[in-house]
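Structure first, then comments.
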Amino acid sequence: RDMLRENFEVIHYNDLVGEVLIKGYNKASGIDFMLEHLGHPEEETFAFGDSPNDLSMLSRADHAVAMGDGDERAIAAAEYVTTAPDRDGIYLALKHYKLI
């Protein structure tokens with residue numbers, strides 16, 4: 001872990017599982033890149049997540065939605081918690097925000 005920290009971000013799921021990302025590149029930076037690329041840097045954003053690798057995106061988005069069956073860290077980071085994906089979670093969240 002110490003060797004990786006200089007150039008990488010390590011996302012821990014548990015003691016045995018994790019992800020390694022190049023420092024400075026994550027789902028939040030992906031949102032920023034797409035908004036700039038599309039010419040809408042101030043556009044309102046919605047993010048849907050369920051795991052620790054979604055935390056940067058959930059904290060970046062204007063509206064953070066966690067899936068009800070997700071990791072407790074994603075749920076804690078969310079503005080709104082919906083049901084599991086197989087229980088119409090995305091649909092219900094889109095209805096909650098009056099996007100559909």
Side-chain angles (χ1 to χ4, degrees):
R1 291 180 192 171
D2 289 337
M3 288 177 30
L4 296 174
R5 289 177 208 246
E6 183 178 341
N7 297 307
F8 300 94
E9 177 184 353
V10 179
I11 300 171
H12 298 280
Y13 290 91
N14 57 48
D15 289 339
L16 299 174
V17 178
E19 289 185 44
V20 177
L21 304 171
I22 296 172
K23 202 168 251 186
Y25 294 94
N26 54 39
K27 292 184 179 186
S29 64
I31 290 172
D32 291 333
F33 175 84
M34 289 304 299
L35 290 172
E36 286 293 329
H37 178 75
L38 296 171
H40 299 283
E42 301 302 319
E43 190 75 27
E44 186 175 23
T45 56
F46 295 80
F48 293 77
D50 65 355
S51 70
N53 72 352
D54 296 321
L55 294 176
S56 66
M57 172 181 67
L58 293 171
S59 67
R60 160 57 183 91
D62 297 305
H63 303 285
V65 179
M67 307 313 292
D69 63 345
D71 183 275
E72 62 189 37
R73 293 166 283 188
I75 290 171
E79 169 184 271
Y80 178 75
V81 179
T82 189
T83 59
D86 62 349
R87 299 203 181 268
D88 297 327
I90 293 175
Y91 169 77
L92 293 171
L94 293 173
K95 294 273 288 183
H96 169 80
Y97 285 106
K98 297 178 176 47
L99 296 171
I100 58 172

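All residue numbers in this chain count up from 1 along the given sequence.
Between E36 and P41, the shortest heavy-atom distance links the atoms OE2-CB, 3.1 Å. What you find for R60 and D32 is that their closest heavy atoms are NE-OD1, 2.6 Å. Of all heavy-atom pairs between D62 and E43, the closest is OD2-O, 3.7 Å. The shortest heavy-atom contact between M67 and A84 is CE-C, 4.1 Å. In plain terms, the two heavy atoms of S51 and D71 that are nearest each other are CA-CB, 4.0 Å. In plain terms, the two heavy atoms of L58 and A74 that are nearest each other are CD1-O, 3.8 Å.
K95 places a side-chain heavy atom less than 4.5 Å from the side chain of I100. Between F8 and I22 the shortest side-chain heavy-atom distance falls below 4.5 Å.
In this structure a side-chain-to-backbone donor-acceptor pair under 3.5 Å is missing from D54 to M57.
Follow the hydrophobic side-chain contacts under 4.5 Å out from Y13 and you never reach L55; the two are in separate clusters. In terms of hydrophobic clustering, with Ile, Leu, Val, Met, Phe, Trp and Tyr side chains grouped at heavy-atom distances under 4.5 Å, F33 and I31 are assigned to different clusters. No continuous path of ILVMFWY side-chain contacts below 4.5 Å connects F48 to V81, so the two sit in separate hydrophobic clusters.
The 12-atom threshold is exceeded at CD of E44, counting heavy atoms of other residues, nucleotides or ligands nearer than 6.0 Å.
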Checking side chain to side chain contact (heavy atoms under 4.5 Å, CB included) for the pair K27/N53: CA distance, chi angles, key distance, verdict? CA-CA 8 Å; K27 292 184 179 186; N53 72 352; 3.7 Å; yes
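Interatomic distance, OG of S56 versus CG of L21, reported as 8.0 Å (0.5 Å rounding). Separation of atoms CZ (F46) and CG (L99) is listed at 4.5 Å; rounding is to 0.5 Å. L35 CG to H40 NE2: the interatomic distance, rounded to the nearest 0.5 Å, is 9.0 Å.
Within the structure, side-chain hydrogen bond (donor to acceptor under 3.5 Å, both in side chains) pairs that include any residue of residues 76-91 comprise H63-E79, E79-Y97 (at least two apart or interchain).
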